[in-house]
Amino acid sequence: MRVLRFRHLALLSLLTACQPTRSPPSFAACQNAVDEPSTPAPAPLHTDGAFFKDQAGRVVLLRGVNVAGNAKVPPFRALRSAADLDPLPGWGLNTLRLLFTWEAFEPQPCAYDEDYLSSIEQQVSWAEARGLYVFVDFHQDGYSRFSLGGCGEGFPEWAVLSSLATHAPDNGPRCDGWGVKLTFDGPNLDVWRGFHRDTEGARTRYLAMVGRVAARLSKHANVIGYELINEPWGQTWELHDLFEDVGAALRAQDPNRMLFVPAHALGLVAPRVSFENIVHAPHYYDNGVYLSKAWAKGGVGVALEPMRQVSVTWGSPMLLGEFGANEGSKDEAAYLEAISTWLDAHFVSATQWNYTPGWDPVAKDGFDAEDYSIVDDHLALRSGLFVPRPYPQKTAGLPVTFARSASGFTYSWNHDPTLGATEVFVLDGQQVVSQSGVPVDCVRAGSVLSCTGATAGVATITVSR
Amino acid sequence: MSQWLVLVLGTFVQHPTWNDRSLLFGTPVERDGLHLQVVVGLGGGLDNEGFFHALEVGKTFENGLTVALLQAGVQNRGVLGPDRGPDFLGGWFAELKVPVLVPELELKVAAGVGGLVDEWRGVHLIPGFGWAYGVDLHVPFIASSGATLGLTFLHALVPAHVFTVGVGVGYTFF
């Protein structure tokens with residue numbers, strides 16, 4: 001049958017006449033790529049059932065942002081200086097989901113750009129100096145800037161199957177609505193199929209890459225973990241196999257950091273990986289807000305609760321890795337408030353998409369005409385996209401209920417005096433107006449309300465302006 | 001628009017009561033009752049190439065229309081080469097066939113469950129929506145059956161769009 005070549009048939013050869021003719025990547029240079037020895041610092045956080053806990057055993061709630069929208073495209077640098085991070089603690093944010101772009105680190109097979117990794121490390125250090133946790137997000141959308149008609153990002157050009165056509169990177173206004181294009185893109189299926197099967201070695205190189213990154217970043221005390229890959233495609237069993245392999249590569253270099261396990265780009269959930277100390281890290285974008293920039297004023301809990309149930313099944317915390325709204329979406333503030341209210345009520349951590357200090361009025365976030373940044377080019381909050389909200393950052397004991405109102409909040413927790421202080425982020429002018437349950441002494445220092453008490457039991461504080 | 005459609009169909013669609021003989025070969029043609037067809041050949045698209053097959057079972061009515069269940073697909077993995085694209089693309093479709101121009105030339109349209117089969121490390125179905133269309137040219141050896149040359153365009157949304165074209169030869173009971 002091998003002599004009966006399809007392309008020899010005149011009629012159907014028309015369909016294959018335009019096949020790309022690139023050569024598969026060569027990995028000859030890989031023999032010179034020396035792995036760095038890993039010297040991990042103690043992990044600042046770990047999982048315990050549905051919660052994150054710090055080294056003292058306090059429950060930690062993560063509120064953060066993705067950094068940054070323009071990190072997906074050249075020059076792949078999210079932060080311009082340390083000062084770019086200055087506003088975040090004052091808004092109560094304690095976590096960065098820091099985007100890492102494979103293309104920037106390994107533009108040619110095994111030819112690592114150490115300057116890029118150093119720039120990532122620099123940003124981690126800047127965050128550390130401001131008390132911010134970081135988890136590294138190995139990011140891609142639509143596989144590569146050279147696929148999805150030039151509208152994707154993430155993987156190097158050489159990782160695109162040689163049998164597929166590549167496209168000149170665009171990532172401009174023509175790529176607006178890239179998510180819809182991605183959903184219906186046939187070559188996207190092909191390129192991910194090839195990746196999962198390691199047809200041309202890209203998957204093997206990905207595993208080597210994440211291990212190398214972990215070896216470098218594990219020495220930083222504020223790195224809490226690694227997200228295995230952003231919004232991947234493939235069958236759930238393919239994703240499961242990939243997650244197992246990526247997790248093993250990361251754990252080989254950094255055994256104690258958490259692994260953030262994503263969902264499929266379309267929201268499908270792969271079976272639980274075999275590791276412990278993992279975090280369920282799905283994303284949520286309301287279809288109406290995404291497609292038509294209008295919120296139908298409902299559906300948040302309906303969408304998020306099944307995600308939380310997955311976390312319950314896994315015995316892990318949930319972190320909503322991405323949510324947000326394109327600027328100008330109808331009822332965007334109410335939409336984001338609804339999400340935040342649900343997160344607070346269920347003690348679910350989250351990182352909003354996105355914080356882009358390099359935002360500008362023309363290029364917006366800098367990627368595919370997206371305009372999600374919570375700040376403008378002067379680092380001022382953009383109306384409707386983010387407001388600081390109080391929340392319990394660290395709880396000495398287990399959270400019971402947290403309910404916000406227009407002027408304040410009421411927080412109850414099962415106080416464990418052996419764990420130290422419960423720390424709550426509060427807004428200007430907010431103070432404790434009433435207490436019940438076991439007695440606690442709350443002292444405000446800056447924007448943190450620190451509560452201690454000698455008696456174990458449920459404590460409740462009501463805070464208002 | 002509908003008027004144009006009626007005009008086109010009225011001009012080209014053949015009614016078996018108008019022509020009970022093959023206009024190409026001059027042999028008698030009987031088109032009614034049980035409809036069966038088997039076609040095999042080669043298929044391919046921009047990212048696939050492989051073995052094509054199409055199976056039909058249905059009924060041909062006295063007015064010349066055929067309603068059938070069509071099962072068609074292209075097996076790419078391990079058949080020709082190189083291995084790329086979906087391992088298998090195909091589906092199960094409800095099909096409508098109508099003779100045009102001459103009794104032995106049929107247009108066909110079909111829609112139903114289309115999708116892919118992933119054959120790497122087991123067999124995994126990837127279902128979606130599918131549709132197909134094409135033409136069959138019959139050579140009526142005898143009045144109620146004959147050899148067939150078929151051209152079939154197959155599409156599936158999973159939700160990405162995948163596409164292949166199959167050409168094949170087979171046999172049909174009209």
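Just so we're on the same page: letters track the sequence lines, and every chain starts at 1.
Contacts between A/Leu182 and chain B at a heavy-atom distance below 4.5 Å are absent for every atom of the residue. With a 4.5 Å cut-off on non-hydrogen atoms, A/Asn188 does not touch chain B at all.
Using a 4.5 Å heavy-atom cut-off against chain A, the contacting residues of residues 121-130 of chain B are B/Arg121, B/His124, B/Ile126.
Of all the heavy atoms in B/Trp120 and A/His196, the pair that sits closest is CH2-O, 3.3 Å. Across B/Glu119 and A/Arg197, no two heavy atoms sit closer than the pair N-NH2, 4.3 Å. Contact between A/Asp190 and B/Gly85 at its shortest, heavy atoms only, is OD1-CA, 3.4 Å.
Rounding to the nearest 0.5 Å places CG of A/Leu189 at 6.5 Å from CG of B/Leu116.
No side-chain heavy atom of A/Pro187 sits under 4.5 Å from any side-chain heavy atom of B/Leu46. Proximity of A/Gln235 to B/Asp118: side-chain heavy atoms (C-beta onward) are separated by under 4.5 Å at one or more points.
Salt-bridge formation is not detected for the pair B/Asp47/A/Arg193: no Lys NZ or Arg NE/NH1/NH2 atom is positioned less than 4.0 Å from an Asp or Glu carboxylate oxygen.
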